[in-house]
Amino acid sequence: MALYKKDLLVYNTLKGVKERFVPVREDRVGMYVCGPTVYGEAHLGHARSAITFDIVYRVLKYLGYNVRYVRNFTDVGHLVADSDDGDDKVEKKAQAENKEPQEVAQYYEMMYLRATDALNCLRPNIMPIASGHIMEQIEVVKILMDKGLAYESEGSVYFDVEKYNDTVKKYGILSHRTLEDTLENSRELSGQQEKRNPFDFALWKKAPKEHIMKWDSPWSLGFPGWHLECTAMGRKYLGAEFDIHGGGMDLIFPHHDCEIAQSVGAFGDMPAKYWLHNNMITIEGKKMGKSYNNFITLTEMFNGSHPLLKQAYNPMTIRFFMLMAHYRSTLDFSNDALIAAEKGLARLMEAKAKVGTLKESKESSFDVHKIINDALDAVCDDFNTPIMIAHLFELCKHINSVADNKETITKEDKEFLQTSLDAIVEDILGLKDEKGGNDTQVIDGLMSLVMDMRAEARSNKDYATSDKIRDALKELGIEIKDSKDGATWRLM
RNA sequence: GGUCUCUUGACCGAGUGGCUAGGUGCCGGUCUGCAAAACCGUUUACUCCAGUUCGAAUCUGGAAGAGACCUCCA
């Protein structure tokens, strides 16, 4: 299925450089991505992460790897920042909405999946939830206790960062900061008297009386710590060392550094070989996020209901907008940029649809293979989708020129172009035509009738009728384009 | 305060020590009964200052501005 076998370069946060991707095992690739915390609706930032790693997944598959893709839903354990009482976000939301925590979590899980489906992100092979893996997490805590890397205090268990740092491995290798830095700059947070050091993090947290999400453990009735789920579930589904661990850049510290410390402390191995992180979506230059309360949800994007939106944007526009920027750059939201993406995507898709109709010649006036090859090189160079897309637009220009009889293409090149474009646009970039619906057959039939009638009116120079048809269709959201070879139409 | 990153044309956004990224917009043209669309072409770019170099937007130093992480976060 792969057109070419290529080397893949990935930027590894751990090393701080791009390096060649060499899987841990020859036969398959394991990828774990930190998914959303399900206490609220998915926003544009979640979409970026989902799309980034969807591209990673698609490229790996395209290159012929057998990939197991795991992405979790965090439904327990994320404590509210500004309180020291161990509130759980999902639980807090549940209390506010008078629902079961599981009900809240599941509601947002489904919403997230509907949104990522619409964005044409392939579903991961496994989507584990934290609350379904309490036993596994308790096991990790036990191992860390046995090794003396964790201590119990008032029914809670904390990871002993200093001991780990001194006896096992340096803490902070992913974020490239030293324990000294961390120590100097840790803020004074309340509720830290249980810990030996302010930078120690919870592995198990004793639940306050009114807490309803709690499980039995050797230490207390409580719930697992913030970072533990990924360690436990990653290992369970992908093994001791898997290939790729992904997530947003804001997870590098402390989340992924803590995960590394736990995993290495408990099992001795780095959980993953390559650590990939997508950058943030910004809005007016500021990071978009729930905590900042400046986010636009995907539902709002799809229906245009947010006050900052000039119009609704369909999911493919949003996907294309994100792919026009590199995943490690911040991407600033703006209506103008989204509209530009919408138009560019339409142009690309129309050119692609035109390939089959191109006239074949004895020679090609341009090098199809080179452009396709360049496009594939780009995406294999740390998933550089903007460059790949630039090459696709180069092809658009050639396709349009051939259609206009200004350039030529051979039968072989045309077939290659068709196959390659389908593979790149649909399989790798995951872009699809929005139009397809169940009633397309009926609409097509009706439209061909209407178009025939209009063509007849025009040939009789009955422009009053032909204009009336055109205007009425426009009101219905159907646009007519007249050309030399007859008229075509499209849904606007 | 500590650590780090960024600053590209009207807008978005790649990239590189020397060769037009690309998209959108604008303008010009082609097409057209008209219009729209489409297509083609064009368009004052690399924050500032100094240095290295035959040559820097790209490397080094400094300045200004912006941002991220240090706390839950995609």
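Residue numbering restarts at 1 for every chain, and letters A, B, ... go by the order of the sequence lines.
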Mate of [N] where both pairing distances stay under 3.5 Å, Watson-Crick or G-U:
N	value
G61(B)	C49(B)
U71(B)	none
G25(B)	U43(B)
A66(B)	U5(B)
G18(B)	C54(B)
A36(B)	none

>> Regarding Ile281(A), tell me which of base, sugar-phosphate or nothing describes its non-hydrogen contacts under 4.0 Å with the strands shown.
In response: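 Ile281(A): base contact, heavy atoms under 4.0 Å.
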>> What's Asp404(A) touching, base or sugar-phosphate or nothing? Going by heavy atoms closer than 4.0 Å.
In response: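 Answer is sugar-phosphate: Asp404(A) comes under 4.0 Å of backbone atoms only.
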Could you state the [atom1]-[atom2] distance from [X] to [N], rounded to the nearest angstrom?
X	N	atom1	atom2	answer
His46(A)	C72(B)	NE2	P	16 Å
Leu174(A)	U3(B)	CG	P	19 Å
Asp471(A)	A37(B)	CG	P	14 Å
Asn279(A)	G13(B)	CG	P	11 Å
Phe73(A)	A74(B)	CZ	C1'	13 Å
Trp275(A)	A74(B)	CH2	P	17 Å
Leu392(A)	A14(B)	CG	C1'	14 Å
Asp75(A)	C72(B)	CG	C1'	16 Å

Is a donor on one side and an acceptor on the other found under 3.5 Å between the side chain of [X] and the backbone of [Y]?
X	Y	value
Thr116(A)	Leu113(A)	yes
Asp332(A)	Gly285(A)	yes
Asn314(A)	Thr317(A)	yes

>> Using 30° and 60° as the class boundaries, would you call the ring planes of Phe366(A) and His398(A) parallel, tilted or perpendicular?
In response: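 Parallel.
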Distances under 3.5 Å between nitrogen or oxygen atoms of protein and nucleotides 67-69 of chain B:
from, atom 1, to, atom 2, distance (Å)
G67(B), OP1, Lys286(A), NZ, 2.1
A68(B), OP1, Lys287(A), N, 3.4
C69(B), OP1, Lys287(A), NZ, 2.3
C69(B), OP2, Tyr292(A), OH, 3.2
C69(B), O2', Arg177(A), NH2, 3.0

> Taking Phe159(A) as the fixed residue, which of Trp226(A), Phe199(A), Phe201(A) is the one that meets the ring-ring contact (aromatic ring centres under 6.0 Å, His included) rule?
Replying inline: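 Single pass found, and it is Phe201(A).
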>> Distance check, C1' atoms only: C48(B) and U43(B), in whole angstrom units.
In response: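 The same atom, C1', in both gives a distance of 26 Å.
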>> Within a 6.0 Å radius of atom CE on Met453(A), are there more than 12 heavy atoms belonging to other residues, nucleotides or ligands?
In response: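 Atom CE in Met453(A) is not crowded, with 12 or fewer foreign heavy atoms closer than 6.0 Å.
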>> Can you confirm whether Glu284(A) is buried at CD, in the sense that more than 12 heavy atoms of other residues, nucleotides or ligands lie under 6.0 Å from that atom?
In response: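 12 or below, so no.
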> RNA chain B: Ser334(A) or Cys34(A), which has the more 5' nearest nucleotide?
Replying inline: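 Final value for this comparison: Ser334(A).
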> Less than 3.5 Å between a donor and an acceptor, one on the side chain of Ser291(A) and one on the base of C72(B), is that the case here?
Replying inline: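 Check passes, donor-acceptor contact within cut-off.
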> With respect to the phosphate group of G15(B), does any side-chain polar atom (N or O) of Asn384(A) fall under 4.0 Å of OP1 or OP2?
Replying inline: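 Asn384(A) to G15(B) OP1/OP2: side-chain N or O found under 4.0 Å.
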>> For G13(B) and Ser329(A) - does any side-chain N or O of the residue sit under 4.0 Å from the phosphate oxygens OP1/OP2?
In response: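 For Ser329(A), the contact criterion (side-chain N or O under 4.0 Å from OP1 or OP2 of G13(B)) is not met.
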>> For a quick test of reading the model, state the closest non-hydrogen atom pair linking His277(A) to Leu174(A) and the distance between them.
In response: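 Taking His277(A) first and Leu174(A) second, the nearest heavy atoms are CE1-CD2, 4.0 Å.
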> When you check every protein heavy atom under 4.0 Å of nucleotides 20-33 of chain B, what one-letter string (B, S, -) results, 5' to 3'?
Replying inline: -BSSSS-------B
> With a 4.5 Å heavy-atom cut-off, do Leu338(A) and Phe333(A) have their side chains touching?
Replying inline: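 The answer is yes; the side chains approach within 4.5 Å.
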>> For the aromatic rings, using the six-membered ring if either is Trp, is the centroid distance between His245(A) and Tyr274(A) under 6.0 Å?
In response: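 No.
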